[in-house]
Every structure is written in C-alpha cells, then in structure tokens.
Protein chains: 2
Amino acid sequence: MRVQMKSAVPATTMEIKTACSQCNLRELCLPFGLDPREVDQLDELVGSRRKIKRQQHLYRSGDPFEAIYAIRAGSFKTDVILEDGRDQVTGFQMTGEVLGLDGISSEHHSCNAIALEDSEVCVIPFGRLEELSRQVESLQHQFHKIMSREIVRDHGVMMLLGSMRAEERLAAFLLNLSQRFTARGFSPSEFHLRMTRDEIGSYLGLKLETVSRAFSRFQEEGLVAVQQKHIRILDTPGLKRILNHHASN
Amino acid sequence: MRVQMKSAVPATTMEIKTACSQCNLRELCLPFGLDPREVDQLDELVGSRRKIKRQQHLYRSGDPFEAIYAIRAGSFKTDVILEDGRDQVTGFQMTGEVLGLDGISSEHHSCNAIALEDSEVCVIPFGRLEELSRQVESLQHQFHKIMSREIVRDHGVMMLLGSMRAEERLAAFLLNLSQRFTARGFSPSEFHLRMTRDEIGSYLGLKLETVSRAFSRFQEEGLVAVQQKHIRILDTPGLKRILNHHASN
DNA sequence: AAATCGTATTGACGTGGATCAAAGGGGTCC
DNA sequence: GGACCCCTTTGATCCACGTCAATACGATTT
C-alpha cells in the first residue's frame, strides 16, 4: 500500500497486516517505550486502518467520540469553527502523531480533522486503549506523555499568537516544521508544504496576504527559497535570530 | 484552614485531614465520578497539602516534574517566558482545577505556576496517580477527561487569540469567568478579579491599555459595572452578542 | 493624615497588519 | 493541450491596537 515493509514475521491472517511492530513510525507514536510483547498487545487493539482522501474529514466537531487516530501516512489539519463562520486552524499533524484527543472530555469531538493529502490512519478504539493501558504501564505512561505534549504544544501556539509579530510567527512555524520533518527522516531544509497560505495564516493568526509577504521578505533576505509550496531553508540560524531578537511587547 | 467543614466522620489521625471525600470541590476535581470507596483510595494518595502565598511560585519552568496539583483554595496563573523576556499568560486556574499537566511530557515543567492570592493545593504524586488509575477505571477516565478538557480549553484560547478582536476577547473572558464562578456556587454576575489588567492583557494577547479601554467601553454601553477589580455583569446577553455578531476575521 | 507605590484610566499619535483590488502562476480536468 | 479554477503575489490604503505620556486612584505604611 505505501511505505510498508514486507513482514519478516509471517502474519497469521492472509491480509497484509501492517502491525505496529513493523511500523517505522513506532518511535514517534503510541508504541514508543513498549517492549515487543507489549507492542503485540497494542497491535491487537488497533482495530482497523482508514484511508482518508485529500480534503475529507476524519471526524467533525460534534461527532461522538469513539477512537483516537494515529497517522500512518499523509497529514491533517484540525480546526474549530464558530457559529458566525470564523474558523481557526488549531494544528497541523504529520505521521506518527495522534488525532482526536479533544474528544475525550465531552465524549464528542470538539474540532474538525481534515486530510491535507490522501492519508491513512490507524483507528484506536478508546475504550480498549484505556483497558490495555490499565494493564501495560509503559503504554499508559506513553499515552499520558502524548496528551501532555499536546498541552505543551498548545502553550507554544498561545505564545506565538499572543506575543509574536508576523515574521516571528512564520519563522517559528518553519523551524517547527523543519524539526518535525527531520524527526521523520526527511530533509531539515527542504520540504513541501501541504497547506495553503490561507491555512498557515489561520494557524498563525494572520491573513494569507501577510503570510505571503513574510515569505517574500524572507526570500529577499536570503533566509529561505520559496517557490509556491516548495520551501528550502537557506539560513536556519538567521530564522532563529528573527525569533529571539525582538524586544517588543 | 479555610472553607473547610468539620469532618462528620472522625479522622483516624489527630490532624484535621481534609479528605477528598469531605471536600466540597470534589465534583469539579479528580474525584468526580468515583464511588466512596474509590475516593478513599484517592485520599490516601494525596500526600500532602501545600500553601502558596500570593505571588509565589507553585513550580517553575524547568523544575523536575513529580506531582500534579489540585487547587483547594485560591487561584493561580500559568505563564511561559521566552529567552528575550517576553511572557505569555497561558491560563488562570481556580479551585478544583488541576495544575502541572504540562510537566508529564518531558519530566520537567514547561511553564510557571504563580499564586494570584494566598492559596492552597493538594499535592498528587504523579507516579502514584498512574498506579492507582491502573486499578480504578473511573479515576483513569476522569484523569483523561481532565487532560482532554485542558486541550479543548487551549483550542478555545487559540480561537480567541487568532481570530477575535479586542472587545470580543474580553467579552469571552468575562463570560468564561462568570461560568466558572457559577460552577463554584458564586454569583454569575458579580465577582472580584484576582489578576491585573496587565495579566489579563497578556492572556488575551492585548496591552493593558487596550484591556482598560475595552472595560470602559463595556461600562459606557451598560454591559458591565467596573470598579477596578470588582466586576458586575449587567447584560450577559449583550456580552454574548459581542462575541457572535462579528463577521470579520 | 500624609507619603509611597503599584495599578488603572485616559488622551494623542504611530504603525503593523488587515482590507481591497488586480494580476500572475500552476495544477487539474476534460 | 487548452481552459478553468484555485492559489499566490504584490500594491495602495485603512484602521485597530500599540506606544508614549500624563494623571488618578486605592491600598498600605508610617
């Protein structure tokens, strides 16, 4: 199907089961820190996989909450929409990251998750995850870390939205992407944006025109090479300097 | 000793142990949904209580993470500080709310928690909480809900920071406070702010002058009566209207 | 009651980013 | 391969909020 490897251990069933134990994302995902036997237990829990085409919803705000999702391939955005139509992108998620944690609190999802490209997720029924994590300490702990990481990430976004200027926000955004691509074995300096300027703007609390202008400015200053959605970071320290060298606010 | 009740059930030890089972905040806090026997188990886990004087830190960014904290009395703010000195208030917490969840992900706290008034917290050693929540399903679930609620709250703040104008932000802030005071048995319409204009501004991504002007505007329009930190909400529907009736972004 | 200090209000002015508008790619679907 | 549409870039203007500054208020101390 995708970046799968042929399973060395023959699967018991006929279908090519893409097990956690065989997944190259396991270091970034829920199985992190589990021993092989525990990973197998987790495997049994991952009920199914689901393909989501570009622009389609994985879940919508208001949907009953039943499972969380680990991204196997592709990428997503999450957003919240107000009655008056305003919307805010709350995050962009890539492979190995977990979606749906917002739904636990009220038994209903509180945001929309939309695929930015054709994608695939592992469906993790939440009741069973809680059950297993009562038995497997390391799974429990890893799950708590993942939730906590989301909270810390959100605080970073608040910082960004609350007290940075446009170019700082974009620099922070690019550096964050770069770091996450690196963690996945891709180039730190060259990547393809899966989201539009408008979506970046929504995430960063800016208008798309402002995002575009900031990109142009970075390009003029030799910090990045921008060609539509293709980004090449030329001067990482320079971008970091933009982040810190501001006495304002 | 504060809003405590004399325990009807005599404590086994001499000291006045303010147990979860006797706490009037239990419906808002970690014990929610537990049966009496389970609450007793949780009780044993709550190692100690800690008093924090106004302006003092409960924990600081970088401190090793060992416990989470439930607020028994008083209130707190959390903030993150950048190297260049800029800071952002990420939340205001009141009784029954839980502090410290940010620390789980990296074993170190990633923000500061500072008392806004003389306060008291219940110290909940995290290792033991995980242990007990492997045994007590309802505790596990309630804890997950609390973490998830924090994520949902953060998304709301992102919405606020990313796509609302100054007066909308302040209206949302006041309505949120009102609702939380109500849940604690206080007046929905009359309360005392424990934070300064500057802190409100930091939280809302505004300067203190802008916060002050927005308060004045609300007062002119008869929505609230403001006298320094004392707030009386006169027209709740009016405040809600401010929130929704904006086509901008 | 006076002195002090942190906090809040109010005014005048400046600016970063929003808004409005037009033109220039690139990808996609026949 | 051409037409269409969405996305992006860039320019001109506007405005909400920030900045700077002065004053006022209230709590606390002496």
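A note on names: the letters A, B, ... follow the listed sequences, proteins ahead of strands, and every chain is numbered from 1.
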message: Does this structure show an ion pair linking Lys53(A) with Asp118(A), if we count only N-O contacts that are shorter than 4.0 Å?
response: yes

message: Check this for me: does any side-chain nitrogen of one of Glu97(A) and Arg184(A) sit under 4.0 Å from a carboxylate oxygen of the other?
response: yes

- request: Decide if the gap between the ring center of Phe191(A) and the ring center of Phe186(A) is smaller than 6.0 angstrom.
  value: no

Separation of [X] atom [atom1] from [N] atom [atom2], in whole Å?
X: Leu170(B); N: dC17(D); atom1: CG; atom2: P; value: 12 Å
X: Glu199(A); N: dC7(D); atom1: CD; atom2: P; value: 8 Å
X: Lys207(A); N: dG11(D); atom1: NZ; atom2: C1'; value: 19 Å
X: Gln219(A); N: dT10(D); atom1: CD; atom2: P; value: 8 Å
X: Arg165(B); N: dG18(D); atom1: CZ; atom2: C1'; value: 15 Å
X: Phe218(A); N: dT9(D); atom1: CZ; atom2: P; value: 13 Å
X: Leu193(A); N: dG27(C); atom1: CG; atom2: C1'; value: 16 Å
X: Glu117(A); N: dG27(C); atom1: CD; atom2: P; value: 16 Å

Is the backbone N or O of [Y] less than 3.5 Å from a side-chain atom of [X], with the two atoms forming a donor-acceptor pair by type?
X: Tyr203(B); Y: Phe92(B); value: no
X: Arg197(A); Y: Lys229(A); value: no
X: Ser178(A); Y: Leu174(A); value: no

- prompt: When you check every protein heavy atom under 4.0 Å of nucleotides 6-11 of chain C, what one-letter string (B, S, -) results, 5' to 3'?
  reply: -SSBBB

message: So Gly201(B), base contact, sugar-phosphate only, or nothing? Heavy-atom distance under 4.0 Å.
response: nothing

